[in-house]
Undergrad: 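Got a structure here, written out as structure tokens. Questions coming.
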Amino acid sequence: MRPFHCSAALLSRSDGSVRFKSGSSAVLCSVFGPIEVKIRDEKLDKATVEVVFKCASGQSTTTERLYERIVRETLEASILTALHPRTLIRITLQVLTDDGGILSTALNAAILALVDAGIPLRSLPAAVTCMMDREGVLFLDPTTVEVEGSQSSHVFVFDDAGEGTLANVSTGAFTMDEYTNCYDQCLSAAATLQSLFRSSIEGKVVREYGPI
């Protein structure tokens with residue numbers, strides 16, 4: 001995988017914010033909430049999750065709408081929304097640079113921004129992208145150039161509570177054996193990411209509150 005870096009608490013007006021960078025792909029995420037929700041969007045038994053996905057060019061396409069739905073449904077499965085009924089949790093994702101794997105980069109940015117905002121989660125998910133080229137070679141966290149030669153691409157989101165896959169987006173032609181290989185490699189990479197996420201969160205707690 002490409003090296004990654006995350007910076008938290010960058011935006012003073014949001015409840016939580018994170019800039020997550022994987023290789024040359026970077027996404028800035030801000031979280032507001034729980035805040036007041038419009039009556040038409042209100043849910044009596046849980047919080048409403050709203051996701052806005054903005055590409056680097058600023059022009060919205062059907063791809064951004066698809067990403068919004070994927071991110072929203074994934075986060076709805078992760079957030080303990082029943083703890084904040086009749087409220088809104090708004091998540092805004094701004095792509096800064098895109099060099100492949102932007103969906104998994106955005107998902108990881110959103111997850112860490114939710115943690116920064118103090119939103120309760122069921123677990124700590126991690127997203128990983130991989131691809132198979134036309135010769136059957138697997139690439140973890142591929143760049144845009146590498147994706148151009150792909151036969152199939154896969155995005156997996158795993159939690160750390162042993163409940164399996166939270167989300168999976170696969171495109172292209174692939175066999176079951178190739179899919180299983182991608183799943184196993186991404187699962188291993190997600191475990192590494194989750195360990196680094198926890199270290200980052202623990203470091204933030206120590207900086208803010210002192211040694212535990």
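Just so it is clear, the values below take in all heavy atoms, side chains as well, and ignore hydrogens, waters and symmetry mates. Nothing fancy with the numbering, it's 1 onward along the sequence.
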Undergrad: Quick one: does Tyr179's side chain get under 4.5 Å of Asn168's, heavy atoms only?
TA: yes
Undergrad: Is any side-chain heavy atom of Leu96 closer than 4.5 Å to one of Arg19?
TA: yes
Undergrad: Is Arg86 reaching over with its side chain to a backbone N or O of Ala47, donor-acceptor style, under 3.5 angstrom?
TA: no
Undergrad: Could you tell me whether Arg72 and Glu68 make a salt bridge, using a distance below 4.0 angstrom between a side-chain N and a carboxylate O?
TA: no
Undergrad: Keeping Asp15 on the side-chain end and Ala117 on the backbone end, is there a donor-acceptor pair under 3.5 Å?
TA: no
Undergrad: Hey, is the main chain of Gly136 close enough, under 3.5 Å, to the side chain of Glu178 for a donor-acceptor pair?
TA: no
Undergrad: Keeping Asp133 on the side-chain end and Leu138 on the backbone end, is there a donor-acceptor pair under 3.5 Å?
TA: no
Undergrad: Answer whether the closest heavy-atom distance between the side chains of Val71 and Leu107 falls below 4.5 Å.
TA: yes
Undergrad: Spell out, as yes or no, whether a donor-acceptor pair under 3.5 Å connects the side chain of Asn181 to the backbone of Asp177.
TA: no
Undergrad: Walk me through it: do Gln185 and Ser188 pass the test side-chain hydrogen bond (donor to acceptor under 3.5 Å, both in side chains)?
TA: CA-CA 5 Å; Gln185 293 295 325; Ser188 177; 5.9 Å; no
Undergrad: Donor-acceptor pair, distance only, cut-off 3.5 Å: does the side chain of Thr165 make one with the backbone of Ala167?
TA: no
Undergrad: Determine whether Thr92 and Gln94 make a side-chain contact, defined as any pair of heavy atoms from C-beta on separated by less than 4.5 Å.
TA: no
Undergrad: If you round to the nearest 0.5 Å, how far is CD1 of Ile89 from OG1 of Thr81?
TA: 7.5 Å
Undergrad: Which atom names give the shortest non-hydrogen contact between Cys182 and Met132, and what distance separates them?
TA: SG-CG, 3.6 Å
Undergrad: What closest approach, in Å, do Asp99 and Arg2 show between heavy atoms, and which atom pair accounts for it?
TA: O-NH1, 3.0 Å
Undergrad: Locate the shortest heavy-atom distance separating Arg198 from Leu124; write the atom from each residue and the value.
TA: CG-CD2, 3.7 Å
Undergrad: Could you tell me how the ring of Phe4 sits relative to the ring of Phe20: parallel (under 30°), tilted (30 to 60°) or perpendicular (over 60°)?
TA: parallel
Undergrad: If two hydrophobic side chains count as joined below 4.5 Å and joins carry through other members, does Leu80 share a cluster with Leu75?
TA: no
Undergrad: Between Val31 and Val49, is there a shared hydrophobic cluster once you connect ILVMFWY residues whose side-chain heavy atoms come closer than 4.5 Å?
TA: yes
Undergrad: Can you check whether Met176's main-chain N or O pairs, donor with acceptor, with Thr180's side chain at less than 3.5 Å?
TA: yes
Undergrad: To the nearest 0.5 Å, tell me how far Leu140 CG sits from Ser104 OG.
TA: 10.5 Å
Undergrad: On a heavy-atom basis, which atom in Thr105 and which in Ser22 lie closest, and how many Å separate them?
TA: OG1-CB, 3.8 Å
Undergrad: Provide the closest heavy-atom pair for His154 versus Ser170 in the form atom of the first, atom of the second, distance.
TA: ND1-OG, 2.8 Å
Undergrad: Any side-chain to backbone donor/acceptor pair from Arg90 onto Gly33? Under 3.5 Å, distance only.
TA: no
Undergrad: For a quick test of reading the model, state the closest non-hydrogen atom pair linking Asn108 to Leu193 and the distance between them.
TA: ND2-CD1, 4.1 Å
Undergrad: Given the rule that I, L, V, M, F, W and Y join up when any side-chain heavy atoms are under 4.5 Å apart, are Met131 and Phe156 in one cluster?
TA: no
Undergrad: Are the side chain of Glu202 and the backbone of Ser199 linked by a donor-acceptor contact shorter than 3.5 Å?
TA: no
Undergrad: Below 30° counts as parallel, above 60° as perpendicular, anything between as tilted: where do the rings of Tyr183 and Phe158 land?
TA: perpendicular
Undergrad: Leu166, Leu66: one ILVMFWY side-chain cluster at the under-4.5 Å cut-off?
TA: yes
Undergrad: If you count heavy atoms of other groups shown closer than 6.0 angstrom to NZ of Lys46, is the number above 12?
TA: no
Undergrad: Does Ile91 reach the side chain of Cys29, with side-chain heavy atoms less than 4.5 Å apart?
TA: yes
Undergrad: Kindly say whether Ile102 contributes a backbone atom to a donor-acceptor pair with the side chain of Ser25 at under 3.5 angstrom?
TA: no
